[in-house]
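Below: one structure, written as structure tokens.
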Amino acid sequence: MSTNDAPPAGKPPAAAVPGDPPRAAPSSTAKAIPTKPRPEKARQPTSIVPSSTIAGRALVAVVAIMTFLAAITIGTAVAVRGTASQWRSDVTREVTIQIRAGDKASTDAQVQAAADIARKTPGIADAHILTGEETARLLEPWLGSGLDLNDLPVPRVVVLRLDGAGTADLSRLKRTLTDKIPTASLDDHRGWSRRLVAVTDAVMLIGVVMLVLVGLATVLSVVFATRAAVATNRAVVEVLHFVGARDGFIAAQFQRHFLKIGTQGGLIGGLGAAAVFGAIAALPRLGLGGDPELPTVVSWLNPGLWGFLGIAVAVAVVALATALTSRVTVYRTLRTIT
């Protein structure tokens with residue numbers, strides 16, 4: 001069939017006759033399938049301050065070290081204060097009567113008489129006469145174990161427990177014991193308690209000084225790092241400043257960057273300090289904390305819940321101080337741009 005045999009317009013083409021070669025579709029009538037344009041990917045906003053630089057990583061390390069030192073100081077101060085308060089509470093509830101060693105029969109009689117006098121005194125809840133084994137246990141840290149105390153002039157001790165109401169007249173009890181038992185002496189541990197309070201106050205003062213020094217070092221480090229970042233990106237800052245960008249917008253960029261650095265460093269240092277105190281607190285449960293009757297550094301260096309809360313507060317304060325310090329520094333730097 002030739003091309004001149006095409007059907008007239010308006011009529012459908014004739015059916016294909018078997019044996020005829022296949023007809024090719026005319027290219028002029030082919031229509032292109034419309035394709036939807038691909039949406040362009042939204043560009044991520046670029047920060048003025050590079051997110052990852054050598055100076056930034058170094059500042060994270062500095063902040064982490066400072067936070068670790070601050071957290072260790074806070075935890076130690078809280079642990080010392082708590083232990084000292086517990087010791088003072090135990091000391092103020094107990095009074096001891098010491099009777100010098102002498103003839104065994106007379107010494108035993110004097111010890112019993114002293115205990116009877118103490119039990120009759122208002123405000124005394126109990127009077128306990130220490131046995132030879134209990135006395136040996138008290139002297140074991142200094143004299144060692146396995147000693148025969150019968151060969152040593154060890155005084156006998158009567159432990160008096162107060163009722164907590166504060167009604168015991170210890171001065172009157174002391175005069176009564178001195179009149180009736182000349183070899184007896186009353187010790188209310190007031191001198192030791194005063195020394196303990198002085199040591200505790202000194203530790204707290206040292207802790208406060210340490211925190212102030214760590215805070216100053218952190219602030220100075222952030223100030224120098226912020227100035228260096230502004231100097232490195234000074235051209236970008238000047239362009240933004242001259243085209244009308246507000247100082248608050250520029251400062252917010254630096255503040256966001258240094259807040260991230262402060263948070264990272266604070267978390268690293270805080271978690272490290274918490275891990276140290278957590279390991280110390282877990283040692284007694286593992287049987288590695290020593291004898292409970294012989295307190296050591298490991299046994300009392302437990303900050304407790306308040307100590308760990310203090311560490312968390314230190315992390316938050318370091319992060320906020322880093323961000324605010326950078327913001328103030330950027331504001332002061334922008335004032336120099338004319």
Side-chain angles (χ1 to χ4, degrees), residues 63-96 125 138 141-142 159-166 168 170 187-219 262 265-322:
V63 173
I65 293 173
M66 294 302 176
T67 307
F68 179 81
L69 294 177
I72 290 292
T73 302
I74 292 174
T76 303
V78 173
V80 170
R81 187 177 184 85
T83 304
S85 299
Q86 183 180 357
W87 287 352
R88 286 188 61 194
S89 177
D90 294 339
V91 167
T92 54
R93 288 199 303 262
E94 289 186 353
V95 180
T96 57
L138 291 176
W142 293 271
V159 179
L160 309 181
R161 182 167 294 276
L162 307 180
D163 59 3
L170 299 181
D187 186 4
D188 57 3
H189 312 297
R190 291 180 182 176
W192 190 87
S193 179
R194 285 193 293 267
R195 289 193 295 270
L196 181 60
V197 171
V199 172
T200 305
D201 293 341
V203 171
M204 298 299 294
L205 179 61
I206 293 174
V208 171
V209 173
M210 287 281 294
L211 290 177
V212 171
L213 293 177
V214 169
L216 289 177
T218 304
V219 169
L267 287 175
I268 294 173
L271 291 176
V276 171
F277 286 116
I280 292 176
L283 287 179
R285 301 177 183 176
L286 301 176
L288 302 176
D291 187 0
E293 297 295 334
L294 302 175
T296 59
V297 174
V298 174
S299 63
W300 58 259
L301 197 57
N302 184 1
L305 178 60
W306 288 108
F308 288 106
L309 288 177
I311 293 175
V313 171
V315 173
V317 169
V318 167
L320 293 177
T322 303

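Treat the numbers as computed from the prediction; the structure is a model and nothing was measured.
A side-chain contact (heavy atoms from CB on, under 4.5 Å) with Leu211 is found for one member of Val317, Ile74, Leu69 and no other, namely Ile74.
Taking both residues in full, the closest heavy atoms of Phe308 and Ala274 are given as CE2-O, 3.7 Å, listed atom of the first, atom of the second, then distance. For the residue pair Ala84 and Thr200, the shortest heavy atom distance occurs at CB-OG1, 3.1 Å. Residues Met66 and Val214 come closest through the heavy atom pair O-CG1, 3.3 Å. Of all heavy-atom pairs spanning Gly75 and Pro303, the tightest one is O-CB, 3.6 Å.
Side-chain contact check for Leu170 versus Val95: some heavy-atom pair is nearer than 4.5 Å. Two residues are said to be in side-chain contact when any heavy atoms from C-beta on lie closer than 4.5 Å; Ile268 and Thr67 fail this criterion. Val212 is listed as a side-chain neighbour of Leu216, based on a closest heavy-atom distance under 4.5 Å.
Rounding to the nearest 0.5 Å gives a distance of 7.5 Å between CD1 of Ile280 and OG1 of Thr76. With rounding to the nearest 0.5 Å, the separation of CH2 in Trp306 from CD1 in Ile311 is 14.0 Å.
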Output, in order, the C-alpha distance, side-chain angles, deciding distance and verdict of side-chain contact (heavy atoms from CB on, under 4.5 Å) for Asp201 and Leu205. CA-CA 6 Å; Asp201 293 341; Leu205 179 61; over 6 Å; no
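Residues meeting the side-chain contact (heavy atoms from CB on, under 4.5 Å) test with Leu271, sequence neighbours left out: none.
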